[in-house]
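Down below is the structure, laid out as structure tokens.
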Protein chains: 2
Amino acid sequence: MDILTALFKALSDRNRLRIVSALLKHDELCACQLTELIHVTGATASRHMGVLISSGLVDSRKDGRWVYYRIRREQADFGVLIGWIESQLSHDPGIEHDAKTLDDITSCEPEDLCRKQRGDECCPKK
Amino acid sequence: MDILTALFKALSDRNRLRIVSALLKHDELCACQLTELIHVTGATASRHMGVLISSGLVDSRKDGRWVYYRIRREQADFGVLIGWIESQLSHDPGIEHDAKTLDDITSCEPEDLCRKQRGDECCPKK
DNA sequence: TGCATAGTTAGCCAAGCATCTAATTAATAT
DNA sequence: ATATTAATTAGATGCTTGGCTAACTATGCA
């Protein structure tokens, strides 16, 4: 039961739901990309990722300086739930808007994105 | 998206999940029965029911002095989710224990149960 | 070796929430 | 009508949480 409440708690935050939805579409995204998407500080994004990971829904992989996140689709128990969330959000206006933002975000390498986040202006804007 | 976060928030509390699970088994239960199950004051239980109702997951019906609650199974959108929760909790120790408690609780009429809650000792104990 | 930098952790604060008691509302029963 | 009572609402309190800044960790590069 506690596993379930933790899972629902992880999913009960707007920004975390946006992150989950983004990961459902892009399979693997790094911290800086998710930070850019939900528009919070890196520290806050990192905390959200921590919640999602300890709920068992998300997995992380470190590659050099970057950390990549993905949905743990192999968690068979969650498969039905994940599919249901995906269908519920498929026509959500906020999520659709995020999808467009994500296209821009993923159109440049994390390296460039991070430079942009420091104010260097490099990626195709909007 | 907000509908979804509200729904997950409603499900992210241990006592509310116990209530949902109870309603999945008994179809219809009144406030005093649910209060007895989760062992909180009537005011607290009432507040939990308010959260579940505004999430769209639960419906209420007034009958005289009593209020009965049920899962809104006709909400087609939630059907899959409800089924999934049901399967996830089917072998949960805490929920199984609640099921036994519920058998005792439902073995007497709400009227008698409420008298017992005032300390009158009437229902089959244990 | 030492600097730059992506991400996490720590510490803080304001908002939200679960719970309680007390007051209120709505229905029954005397 | 008046008292009783099931349920909700109001108000108070302590805990949790989402956000921030700042400090820390760890990785890559000069």
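Since the model is a prediction, treat every value here as computed from it, not as a measurement. Numbers restart at 1 for each chain; the letters A, B, ... are given by sequence-line order, proteins then strands.
When rounded to the nearest whole Å, the span between CH2 of A:W66 and C1' of C:dT8 equals 17 Å. If you take CG of B:L52 and P of D:dT8, they are 12 Å apart, rounded to a whole angstrom. For the pair A:Y68 OH and D:dT27 C1', the interatomic distance rounds to 14 Å; values are reported in whole Å. In this structure, A:F8 places its CZ atom 21 Å from P of D:dT16, rounding to the nearest Å. As a whole-Å value, the separation of B:L34 CG from D:dA6 C1' is 13 Å. Distance, A:R14 CZ to D:dG19 P: 11 Å, rounded to whole Å. Residue A:I53 contributes atom CD1, which lies 11 Å from atom C1' of C:dG7 at whole-angstrom precision. The distance from atom CZ of B:R61 to atom P of D:dA6 is 17 Å, rounded to the nearest whole Å.
Contacts of B:T101 classified as side chain to side chain contact (heavy atoms under 4.5 Å, CB included), with partners at least two apart in sequence or in another chain: B:L37, B:H97, B:I105. By the side chain to side chain contact (heavy atoms under 4.5 Å, CB included) test, B:D13 is found to be paired with B:N15, B:R16, B:H48, residues two or more places apart in sequence or in another chain being considered. Remark: B:K25 pairs with B:S21, B:I95, B:A99 by the side chain to side chain contact (heavy atoms under 4.5 Å, CB included) rule, at least two apart or across chains. Here B:V58 pairs with B:L23, B:M49, B:L52, B:I53, B:Y69, B:I71 under the side chain to side chain contact (heavy atoms under 4.5 Å, CB included) rule; sequence neighbours left out.
Under the 4.5 Å side-chain criterion, counting only non-hydrogen atoms from C-beta, A:E28 is in contact with A:R61. Proximity of A:L24 to A:R73: side-chain heavy atoms (C-beta onward) are separated by under 4.5 Å at one or more points. Counting heavy atoms from C-beta outward, A:I38 and A:T44 have side chains that stay 4.5 Å or more apart.
In this structure, A:Y69 reaches the sugar-phosphate backbone alone: every heavy-atom distance under 4.0 Å involves primed, P, OP1 or OP2 atoms, never a base.
Salt bridge annotation for A:D98-A:R18: present, with a cationic side-chain nitrogen under 4.0 angstrom from a carboxylate oxygen.
Ranking C:dA6, C:dA26, D:dT8 by closeness to the B:K62 side chain, first place goes to C:dA26. In this structure, the nucleotide among D:dA6, D:dA7, D:dG28 sitting nearest to the side chain of B:R65 is D:dA6.
Side-chain N or O atoms of A:D59 include none that pairs as donor or acceptor with a backbone N or O of A:R70 at under 3.5 Å.
Bending across the helix from C:dT1-D:dA30 to C:dT30-D:dA1, expressed as the angle between its end axes from five pairs apiece, amounts to 20° (10° rounding).
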(request) Determine, for nucleotides 17-25 of chain C in 5'-to-3' order, which nucleotides have protein heavy atoms under 4.0 Å from the base (write B), from only the sugar-phosphate (write S), or from neither (write -). (result) SSBBBB---

